[in-house]
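First comes the structure, then the notes that go with it.
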Number of protein chains: 2
Amino acid sequence: MGKLERHATIADVAALAGVSVGTASKALNGRGSLREETRMRVREAARQLSFEVNAGARNLHSGRTYTVGMITTDTIGRFSIPVLMGAEDALGAGQMSVFLCDGRDDPIREQYHVKTLLSRRVDGIIVTGRRTQARAPISVGLPVVYAFISSTDPDDCSVVPDETGGARKAVEHLMAIGRTRIAHVTGPEHHHSARVRAQAVADRLAEAGLSVAGPPLFGAWSEIWGRQAVGMLLAGGTSFDAVFCGSDQIARGVADALRAVGRRVPEDVALVGFDNWDVMTRGCQPPLTSVDMNLEGLGRTAAEMLLAAINGTPSPGRHARPCHLVVRESSTVPLGPEARV
Amino acid sequence: MGKLERHATIADVAALAGVSVGTASKALNGRGSLREETRMRVREAARQLSFEVNAGARNLHSGRTYTVGMITTDTIGRFSIPVLMGAEDALGAGQMSVFLCDGRDDPIREQYHVKTLLSRRVDGIIVTGRRTQARAPISVGLPVVYAFISSTDPDDCSVVPDETGGARKAVEHLMAIGRTRIAHVTGPEHHHSARVRAQAVADRLAEAGLSVAGPPLFGAWSEIWGRQAVGMLLAGGTSFDAVFCGSDQIARGVADALRAVGRRVPEDVALVGFDNWDVMTRGCQPPLTSVDMNLEGLGRTAAEMLLAAINGTPSPGRHARPCHLVVRESSTVPLGPEARV
DNA sequence: GTGAAAGCGCTAACAC
DNA sequence: GTGTTAGCGCTTTCAC
C-alpha cells in the first residue's frame with residue numbers, strides 16, 4: 001500500500017519521448033497533426049511511466065470538470081440506492097464521475113455539501129431521497145435534476161414515478177381477475193405516497209362503479225401494521241376478496257395474518273404490494289404480485305436529462321415515469337364462485 | 001435551473017475589494033497578517049459574488065485533492081451501503097469528498113474506474129463489496145483500504161467483521177439460556193461467510209463438549225431455504241432446541257416453518273440470525289435475536305485508517321472488528337424442563 | 001510536424 | 001500590511 005511515488009506529468013512523458021510538452025499533449029489527445037511515429041513514441045513513454053492525465057489541471061481550461069454531485073435529501077436507503085446506481089451507470093458511460101453526498105435529513109449538512117460541490121466545480125447536481133414528496137429546491141447556478149423526489153418549483157426538472165398510474169394498474173389487475181371487494185392498507189396518512197396511492201385506488205374503483213372495501217387503512221410502512229390491519233378488517237366485518245397494499249412489507253404482513261386465520265392467498269384473497277422489493281416479494285408466501293417503480297430507470301433518466309441540461313438542452317418540469325405491475329402467485333387465481341365467502 | 005453565470009474567481013473578488021489577488025487569497029484562507037478591515041472587505045466581496053474557491057486550481061499546488069474514491073467490487077447492495085455511509089460520514093467530517101464507483105463484478109469496469117480515480121488524483125481508495133471473501137488487491141501507488149471485503153495480500157489494510165467471534169457469541173448465548181441441541185442452517189458452502197461461521201459454531205460447541213444438532217445445513221441465503229431446512233431437520237428426526245442461522249433471512253424462514261408445524265419460538269426452539277437486518281428482525285415473529293457486524297462502524301474505521309495512511313501513518317494488515325449480539329424475543333426464554341421434547 | 005509561450009485559478013515566496 | 005511574481009500541470013494558439 002502506498003508507495004507514494006509522484007504522479008508522472010506530461011513534462012516527464014515529453015522528456016522521455018524527446019519531444020516538447022505541447023507535442024506530447026497533442027499526441028495523447030489525438031489532436032493536431034503529428035507523425036504517426038512521434039505519436040507512438042509519446043504513447044509508449046506515457047505507458048512506461050503509467051501516466052494518467054491530471055484531470056484537475058485539464059479542467060482548468062475547459063471550464064468543465066466532467067463531474068456531478070449526487071445529494072440525498074435524507075439518508076441513503078432502499079429507495080435511493082437503485083436511483084443512485086442507475087444514475088452512476090448512465091453518468092459513468094458519459095465519462096462523468098460522481099461525488100456522493102449524504103444529506104441525512106439535515107439542511108445544514110446539505111448546504112455544506114452543496115458548497116463543497118460548487119467548490120469542486122461539478123457540472124451539475126442530482127438530488128434524490130427516499131420519499132417522493134416535493135422538497136424545497138436547492139438554488140445554485142447550475143443544472144439540477146431531482147430524481148424520485150421532486151422540487152416544489154414546477155419549473156425545476158424532476159423525474160418521478162407515476163404512483164397514481166401504478167396504483168391504478170394494481171386495481172385494474174385485481175378487477176381483471178374478478179375481485180370486486182378490494183381493501184386498501186397503506187402507510188401513514190401524512191406520507192405523500194400513501195395519500196396519492198389511496199386516492200388513485202378510490203378513483204379507479206369509482207370509475208368502475210365500485211368503492212374501497214372498508215375505508216382505506218392508514219398506518220405504518222411495516223409488516224406489523226399489515227398484520228394488525230387484517231385484524232381490523234376482520235373485526236370490522238369488512239367483506240373483501242382482495243387487498244392492495246401500499247408497500248410490500250405491509251402486504252407481507254397481510255399475507256401472514258391471513259394465513260394465520262385460515263384465509264387462502266390468492267384463492268380467498270388476492271394480494272398486491274407496492275415497490276417490488278425482491279426480498280419481500282420472494283419471501284412472501286405465496287410470492288407477491290407488486291408494483292415496480294423502476295427506480296434504476298428513474299436514476300438513469302435523471303442522469304441523461306442532467307447531461308442534456310449541462311450540454312445546453314434542459315428539460316424543465318415534472319416528468320412522471322410509468323410504473324409496471326409484476327404478477328406473481330399472490331394474485332394469479334381468478335376468483336371462482338366457490339371461493340366467495 | 002442553470003443560469004450559467006461564470007463562477008467568480010479570486011481575481012474578481014480582489015478587484016471588487018480593491019486589493020491584489022495575493023491579498024485576497026490570504027484574507028480568504030486566514031493566512032499571512034492582514035488588517036482586520038481588509039480581511040472583512042475581501043470577505044464581503046466574496047460573499048457578494050458568492051465566490052467559492054476553485055478546489056481544482058488550489059489542488060494543483062498542494063498535490064492533494066482531498067478526495068477519495070470508493071469502489072464496490074460487486075454491485076452496491078445491502079452490505080455495502082452501511083459501509084459506504086459510515087465511510088462517507090467519517091470522510092466528510094475530514095473535509096474529504098467521495099467519488100462513488102460501482103464495479104458491478106466486472107474487472108474491466110473496475111479497472112476503468114481505477115484509472116479514472118487516478119486521473120482525478122484521489123488521495124486514496126476504499127474498496128468494498130457485499131461478501132467478506134478476500135479478493136485480489138488493486139495495485140496503485142496510493143493508500144488503499146479494504147472494508148468488509150479484504151485483500152488477499154495480508155500486508156494490505158483490510159477492515160473486516162470478526163465473523164467467527166460473532167458466531168461464537170450466538171452459540172454462547174444459546175447455551176446460556178440452556179440450549180444444548182443447536183442446529184445450524186446457513187448459506188451456500190462455497191460462500192466464505194457460510195464456511196467460517198459454520199466452523200466457528202462447530203468449534204465453540206466442541207469446546208463445550210457438544211456438537212451441532214444434525215450436520216450444518218448449507219443452502220442459500222434465502223427465506224425459502226430456511227423453510228426447507230426445517231423440513232429437512234424434522235424429516236431427519238434431528239432433535240433440536242435451538243437453531244442458529246447464517247442470515248436473518250434464513251432465520252425468518254425457519255421461524256415461519258416452525259410456527260407452521262406448531263413448534264413455538266422461543267419456548268420450544270430458540271432462534272438466532274446473523275446480520276441484524278432490521279427489516280427481517282422486526283418483521284419476524286417473534287422479533288429475531290441476531291448478530292450485528294456493525295457495518296457502519298467498519299466503514300468509519302476504514303475511512304479513518306485511510307486518512308491516517310494518507311497522512312503517512314498506514315495500518316497494514318487485516319483488522320477484525322468485533323460483532324455483537326442483539327437479543328430479542330426469539331431467544332429470551334430460558335429452556336424450562338417442561339419444554340423439552 | 002514540432003516547439004515556444006501564454007494562460008486557466010490559485011497559492012506561496014519574496015519584495016516593498 | 002500589501003503587492004508582485006513564479007509556478008502547479010495542462011491545452012492551445014501561433015511561430016518556425
Side-chain angles (χ1 to χ4, degrees), chain A residues 4-43 45-46 49-67 95 115-123, chain B residues 4-43 45-46 49-67 95 116 118-123:
Chain A
L4 296 162
E5 72 251 342
R6 206 176 107 279
H7 287 281
T9 71
I10 220 180
D12 300 332
V13 175
L16 180 59
V19 297
S20 73
V21 288
T23 304
S25 173
K26 285 171 206 148
L28 294 172
N29 295 303
R31 287 201 215 298
S33 52
L34 300 184
R35 229 178 328 148
E36 189 54 22
E37 194 257 58
T38 315
R39 209 178 284 284
M40 290 323 246
R41 196 146 36 86
V42 174
R43 292 243 167 90
L49 300 171
S50 40
F51 169 80
E52 291 290 338
V53 67
N54 183 326
R58 168 184 282 175
N59 300 153
L60 221 43
H61 297 266
S62 65
R64 287 188 53 177
T65 56
Y66 296 90
T67 295
Q95 310 267 51
K115 284 205 160 202
T116 305
L117 291 175
L118 247 29
S119 179
R120 302 219 182 259
R121 296 292 189 270
V122 293
D123 297 332
Chain B
L4 297 163
E5 72 251 340
R6 208 178 105 279
H7 287 281
T9 71
I10 229 187
D12 299 334
V13 174
L16 180 59
V19 297
S20 73
V21 288
T23 305
S25 173
K26 284 172 204 145
L28 293 172
N29 295 303
R31 290 203 214 296
S33 53
L34 299 185
R35 229 180 326 150
E36 189 54 22
E37 195 256 62
T38 315
R39 209 179 282 283
M40 289 322 243
R41 197 144 37 86
V42 174
R43 292 243 167 91
L49 299 173
S50 41
F51 168 81
E52 291 290 340
V53 67
N54 183 327
R58 169 184 283 175
N59 300 153
L60 220 43
H61 297 267
S62 64
R64 286 189 51 177
T65 56
Y66 296 90
T67 303
Q95 310 265 56
T116 305
L118 247 30
S119 179
R120 302 220 182 258
R121 295 292 188 269
V122 293
D123 297 332

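The figures that follow rest on heavy atoms only: side chains count, while hydrogens, waters and symmetry mates do not. All values reported here derive from a predicted model rather than from experimental measurement. So that the names make sense, note that chain A is the first sequence line, chain B the second, and so on, each numbered from 1.
Taking A/R35 as the reference, A/T38 meet the side-chain contact (heavy atoms from CB on, under 4.5 Å) condition, with sequence neighbours excluded. Taking A/T116 as the reference, nothing meets the side-chain hydrogen bond (donor to acceptor under 3.5 Å, both in side chains) condition, with sequence neighbours excluded. Annotation: side-chain contact (heavy atoms from CB on, under 4.5 Å) contacts of A/R58 (sequence neighbours excluded): A/N29, A/V53.
Taking all atoms of both residues into account, the shortest heavy-atom contact from A/K26 to A/G32 is CD-CA, 4.4 Å. Listed here is the closest heavy atom pair of A/Y66 and A/N59: CD1-ND2, 4.4 Å. The two atoms that bring A/A46 and A/L28 nearest to each other are CB-CD2, 3.9 Å, heavy atoms only.
Here the options are B/V42, B/V21, B/V19, the test is side-chain contact (heavy atoms from CB on, under 4.5 Å), and the partner is B/V13; only B/V42 passes.
We find that CZ of B/R120 is positioned 14 Å from P of D/dC10, with the value rounded to whole Å. To the nearest angstrom, P of D/dC8 lies 16 Å from NE2 of A/H7. The nearest whole Å value for the distance from the CZ atom in A/R121 to the C1' atom in C/dG9 is 9 Å. Atoms CZ (B/R64) and C1' (C/dT11) sit 16 Å apart, rounded to a whole Å. Summarising the geometry, the separation between CD on B/E36 and P on D/dG1 is reported as 12 Å, rounded to the nearest angstrom. One can place CZ of B/R41 at 14 Å from C1' of D/dG3, the figure rounded to the nearest angstrom. The separation between A/E37 atom CD and C/dG1 atom C1' is 12 Å, rounded to whole Å. C/dG7 atom P lies 20 Å from atom CD1 of A/I10, rounded to whole Å.
Among the nucleotides D/dC10, C/dG3, D/dT2, the one closest to any side-chain atom of A/T9 is D/dC10. For B/T38, the side-chain atoms get nearest to D/dT2 when compared with the rest of D/dT4, D/dT2, C/dT2. Closest to the side chain of B/T23, out of C/dT2, D/dG1, D/dG3, is D/dG3.
Note on B/R31: a side-chain N or O is less than 4.0 Å away from OP1 or OP2 of C/dA12. For D/dT4, the OP1/OP2 oxygens have no side-chain nitrogen or oxygen of B/S20 closer than 4.0 Å. Dashed line: the shortest gap from a side-chain N or O of B/S25 to OP1 or OP2 of C/dC10 is not under 4.0 Å.
Each end of the helix from C/dG1-D/dC16 to C/dC16-D/dG1 yields a helix axis from five base pairs, and these two axes differ in direction by 50° (to the nearest 10 degrees).
Remark: side-chain polar atoms of A/T65 are paired, donor with acceptor, to backbone N or O of A/R121 under 3.5 angstrom.
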Tabulate protein N/O versus nucleotide N/O from nucleotides 14-16 of chain C, keeping only pairs under 3.5 Å, one per line.
none

One pair to check against side-chain contact (heavy atoms from CB on, under 4.5 Å): B/E52 and A/K115. What are the steps and the verdict?
CA-CA 7 Å; B/E52 291 290 340; A/K115 284 205 160 202; 3.6 Å; yes

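For DNA chain C, the residues of residues 49-63 of chain A within the heavy-atom distance limit of 4.0 Å (strictly under) are A/L60, A/H61, sorted by number.
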